[in-house]
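Whatever order the structure lists them in is the order used to number ligands and atoms, beginning at 1. Please read these numbers as outputs of a predicted model, since none were measured by experiment. We use all heavy atoms of the structure for the numbers below, so side chains are in, but hydrogens, waters and symmetry mates are not.
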Amino acid sequence: METAIEGDIESTRQVAVRALPLPPKPRNLRVRKKPVRREAEDSSQRLRLALQAAFLALNVWIGLQFYFWVRWAESGGRTMSVSRPAGVEGWLPIEGLMQFKYVLASGQLPRLHPAAFFLFLAFALISLFFRKAFCGWICPVGTFSEYLWNFGRIVFGRNFHIPPWIDLPLRSLKYLLLGFFAYAVTTMSAAAIADFVESPYGLVVDVRMLNLFRFVGTTTAYIVGGLILASVLVQNFWCRYLCPYGALMGLISIFSPARITRNESACIDCAKCANACPSALPVDRLVQIRSAECMSCLECVAVCPAKDALALRFVASAKLHRVVPAWQLAAGIAVVFFGLVGYAKLSDHWQTHLPQEVFLKLVPAANEQHHPMIRDKIEENRE
Ligand code: SF4
Ligand code: SF4
């Protein structure tokens, strides 16, 4: 039985191991063990792909409804009338962070764009309970990114690896972006946040974001095209190097009790887990994965051939480990997400209640003020 001192030694060893770049395990030092094959078929990836597809479909639905609502407002209420889907506020991560700060500072739920707060809270709690499972299981950008690198594998037969000396500084980019946004938000008072959200700009900030993609300028086209190409070639390019939201979820996930754990006595050192990891983590050389980059995608667990060698576990203490099967992870994500969205809807803290006339005035006016090219397009829509 492991003593407290042995537990401390193990934790210290792991901290030291994580701090250093890990050299590959020399082949001649690998002990050949008799493999005990896993019997049950792993269904985690089928479940994950299904949940990803469901959330992608939900986002496409929200996107279409939002587009038709914007068209309705731009036409002066003459096209088909649809309601504004509050779920679009999930696409406003900075506003979600602002609303979170507002709630902490004022002790009140926001009146306008409250869904941004509830969605941010849901994603943060999912990261706290299940590591960065938001990125690996439900984020539509993460899902699209995964489709792209899988497409790259089909076309080129593989994905390309960025050398570690470029990979490491590139990974820090997303933390720099996060630091910039976090500084801007945390230095705002609750009153300043409320002023921004209630301003003509803040009320239709979602429309401005949509227009960025509706009326693509040359610069935006080059940037989006470059990101798509990079995502085809390199696994999770956007998530790994540039997404500040994923960086925030990763930092929250450091406090999560859930982590991939490797049982060294059952492991046969085949390294299949490390080769499968889309975050390029050295799963085969660590006992626990505590990295902020782990998305709880379970790809490593799915490919592991050895019985009981690798699993996602809740680690409460050195002795108290509990395996979290894929279905419990999926159910946990769904309970947190739909629980908070359901609470917000039932308590009437989901929709932004403003007279339709406000949006009929603000949506076209905001566009005209800032985008001369868009103004022409809106005039075409009106005609
Ligand atoms: S360590 Fe496993 S669960 Fe974490 S990102 Fe890598 S493959 Fe996914
Ligand atoms: S996949 Fe990883 S954890 Fe599983 S046996 Fe191979 S090296 Fe060990």
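Residues that satisfy the side chain to side chain contact (heavy atoms under 4.5 Å, CB included) test with Y147, not counting sequence neighbours, are A53, L56, T143. Listed by chain and residue number, nothing satisfies the side chain to side chain contact (heavy atoms under 4.5 Å, CB included) test with T186 (two or more places apart in sequence, or in another chain).
Around atom 2 (Fe) of ligand 2, the protein atoms of type N, O or S found under 2.8 Å away are C273 SG, listed by chain and number.
Between F66 and W69, the ring planes lie parallel to each other; the angle is under 30°, not in the 30° to 60° tilted range. Taking the six-membered ring where the residue is Trp, H349 and F118 present tilted rings, their angle falling between 30° and 60°.
Contact check on E293 versus R131 returns no salt bridge, with no Lys/Arg side-chain nitrogen under 4.0 Å from an Asp/Glu carboxylate oxygen. Using a 4.0 Å cut-off between charged side-chain N and carboxylate O, E74 and K361 make no salt bridge. A salt bridge does not link K272 with D284: every distance from a Lys NZ or Arg NE/NH1/NH2 to an Asp or Glu carboxylate oxygen is 4.0 Å or more. The pair E264-R285 does not meet the salt-bridge criterion, since no charged nitrogen lies less than 4.0 angstrom from a carboxylate oxygen.
Interface atoms of ligand 1 facing S279, defined by a heavy-atom separation under 4.0 Å, are 5 (S). For ligand 1, the atoms lying closer than 4.0 Å to a non-hydrogen atom of I260 are 3 (S). Numbered from 1 in the order shown, with element, the atoms of ligand 1 that lie under 4.0 Å from a heavy atom of S296 read 3 (S).
Of all protein heavy atoms, the one closest to atom 5 (S) of ligand 1 is M295 N, 3.4 Å. In this structure, atom 8 (Fe) of ligand 1 lies nearest to the protein heavy atom C297 SG, 2.3 Å. Shortest contact from atom 4 (Fe) of ligand 1 to any protein heavy atom: C294 SG, 2.4 Å. Protein heavy atom nearest atom 6 (Fe) of ligand 1, with residue, atom name and distance: C277 SG, 2.3 Å.
Within the structure, ligand 1 has P278 among the residues with a heavy atom less than 4.0 angstrom away. Contact analysis leaves A276 out of contact with ligand 1, as no non-hydrogen atom separation drops below 4.0 angstrom.
Listed by first then second residue, pairs satisfying ring-ring contact (aromatic ring centres under 6.0 Å, His included) with a partner in residues 288-339 read F55-F337, not counting sequence neighbours.
R322 and Q328 share a side-chain donor-acceptor pair at under 3.5 Å.
At a 4.0 Å heavy-atom cut-off, ligand 1 does not touch L312 at all.
Across R240 and A280, no two heavy atoms sit closer than the pair NH2-CB, 3.9 Å.
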